[in-house]
S.K.: 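Handing you a structure now.
We count ligands from 1, going down the list as the structure has it; atoms in each ligand are counted the same way. No hydrogens, no waters, no symmetry mates; every other heavy atom, side chains included, goes into these values.
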Amino acid sequence: MIDFFKLATPGVQGLQPYQPGKPLEELEREYGITNAIKLASNENPIGPSPRALEMVQASLKNLARYPDGNCCLLKTALAKKHGVDMNTLTLGNGSNDVLDLIARTFVTPAHSIIFSEYAFAIYPLVTQAISAKAIVIPATNWGHDLTAMQAAIRDDTRLIFIANPNNPTGTYVDKIRLKTFLDAVPEQVLVVLDEAYYEYAIAENPDYPDSLDWLTDYSNLITTRTFSKAYGLAGLRVGYSISHPDIAHLLNRLRQPFNVNNLAILAATAALDDNEHLEKSIALNRQGMQQLTQAFEAMKLDFIPSLGNFVSVNVGDGAKVYELLLRQGVITRPIGGYNMPQHLRVTIGTAAENERFIKALGEVLNHI
Ligand SMILES: *Cc1c(COP(=O)(O)O)cnc(C)c1O
């Protein structure tokens, strides 16, 4: 038989597939347990707004229809919410779809892409997929070293990915450092600010920049956001970018015409309108973050302060503790793949879920 591997593009031959969090059903099946909890994929523990759920119910009768390819309804709502023009928006099947679109629109194998050590796994993945050169900048205190990232820009650099805050470290770049960086980056180098945890971060820290304030000053800036995290709609897959209209126009050329589905369009539009649910999600996250970090302190475990809905904690041997927690029905995320083998990333859950995790972690660490 033909070796199909040899037929694949060089980029695809070198790909390491993304490792998702373990699904609850899989754990329960494998270990024969029930009532497992999942704190592994930074999902909202209370789910989406009830209004979003109602819209999904109501839209079921339209499933035979293609979605509106322009996503007019959602774009109108986003434009109003953010005070931007509709022509600055590009919607995606999750923001990962948009990150991929940006790379494929602007970057060829002759170009390089800069990102940080410990940065979100999708950046190396999309870079590899298009056979572009990855320039990985060592982190400082687990966070992005913007000075070094700027110094690394070469003539062939087209794109810089910055996760703010970053997953899995939770670290962020503040207003002053980001502004200094943007001032120094040449305008032909696109800067993608991945703000997947924006809603949590902006509520917690006055130093956290809202990059939308700078879009008109820096035409090479692209902000990406998502409905997967604070809005609790990870399963429907919807995210977006806000950029200069010329950039959005190009991204929309390459975008698959129906990349955001009917249910996602309606649910996201309804979710945007429910500020009360968003506030509730943010407050729950704040309390849960305190609950976890206080427990870590009491257990004398080092953790990385985080502006997201997750926190990475040094447990000595992440893979082993992950395995032992699984047996207690608690799914967390080992991050050895990020070269952080001592850490576990834990998503903030409900108070009861956090309590169960803390208890299980205490027992596991006592037996190692
Ligand atoms: C979760 C996450 C995303 C969003 O993924 P979606 O495709 O929108 O679900 C993007 N960037 C980072 C850093 C994330 O952690």
S.K.: Determine the interplanar angle of the Trp214 and Tyr218 rings, folded into 0 to 90°, and report it as parallel if under 30°, tilted if 30 to 60°, perpendicular if over 60°.
M.R.: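 The arrangement is perpendicular - the two ring planes meet at more than 60°.
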S.K.: Any idea which part of Tyr197 is under 4.0 Å from ligand 1, heavy-atom wise: side chain, backbone, both or neither?
M.R.: side chain
S.K.: What are the atoms of ligand 1, with element, lying closer than 4.0 Å to any heavy atom of Arg237?
M.R.: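 In order of numbering, the contacting atoms are 6 (P), 7 (O), 9 (O).
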S.K.: Could you tell me how the ring of Phe120 sits relative to the ring of Tyr18: parallel (under 30°), tilted (30 to 60°) or perpendicular (over 60°)?
M.R.: perpendicular
S.K.: Quick one: look up the protein heavy atom nearest atom 4 (C) of ligand 1 and list residue, atom name and how far away it is.
M.R.: Ser95 OG, 3.1 Å
S.K.: Leu215 and Ile242: which non-hydrogen atoms are nearest, and at how many Å?
M.R.: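 Reported closest heavy-atom pair: CD1-CG2, 3.3 Å.
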S.K.: Tell me, which protein residue and heavy-atom name are nearest atom 11 (N) of ligand 1, and how many Å apart are they?
M.R.: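 Closest protein heavy atom to atom 11 (N) of ligand 1: Asp194 OD2, 2.6 Å.
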S.K.: Regarding ligand 1, does Thr226 bring an N or O atom to under 3.5 Å of one of the ligand's N or O atoms?
M.R.: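 Among all N and O atoms of Thr226, at least one is under 3.5 Å from an N or O of ligand 1.
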S.K.: Of all the atoms in ligand 1, which lie at a distance below 4.0 Å from a heavy atom belonging to Asn167?
M.R.: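 Under 4.0 Å from Asn167, ligand 1 has these atoms: 13 (C), 14 (C), 15 (O).
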S.K.: Checking contacts here: is it the side chain or the backbone of Ala196 that comes within 4.0 Å of ligand 1, counting heavy atoms only? Could be both or neither.
M.R.: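 The answer is the side chain of Ala196.
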S.K.: Using the ring pair (Phe, Tyr, Trp, His ring centres under 6.0 Å) definition, which of the options Phe303, Tyr322, Trp142 pairs with His343?
M.R.: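 For His343, the ring pair (Phe, Tyr, Trp, His ring centres under 6.0 Å) check succeeds only for Trp142.
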S.K.: By number and element, which atoms of ligand 1 are closer than 4.0 Å to a non-hydrogen atom of Lys229?
M.R.: 1 (C), 2 (C), 3 (C), 4 (C), 14 (C), 15 (O)
S.K.: Which ligand 1 atoms, with their elements, are less than 4.0 angstrom from a heavy-atom of Ser228?
M.R.: 6 (P), 8 (O), 9 (O)
S.K.: What do you reckon, does Tyr123 have a nitrogen or oxygen under 3.5 Å from a nitrogen or oxygen of ligand 1?
M.R.: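 Not met; the criterion fails.
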S.K.: When the ring planes of Tyr208 and Tyr172 are compared, do they come out parallel, tilted or perpendicular, using 30° and 60° as the limits?
M.R.: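 Answer is tilted, since the angle falls between 30° and 60°.
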S.K.: Closest approach of Asn259 and Asn93, non-hydrogen atoms and distance?
M.R.: O-CB, 3.1 Å
S.K.: Tell me, please, whether Phe106 has Arg158 positioned over its six-membered ring: NZ or CZ under 6.0 Å from the ring centre and within 45 degrees of its axis?
M.R.: no
S.K.: Applying a strict 4.0 Å limit to heavy atoms, is Asn42 in contact with ligand 1?
M.R.: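 Contact check Asn42 vs ligand 1: negative.
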S.K.: Establish, yes or no, whether a centroid distance under 6.0 Å links the rings of Tyr66 and Phe258.
M.R.: yes
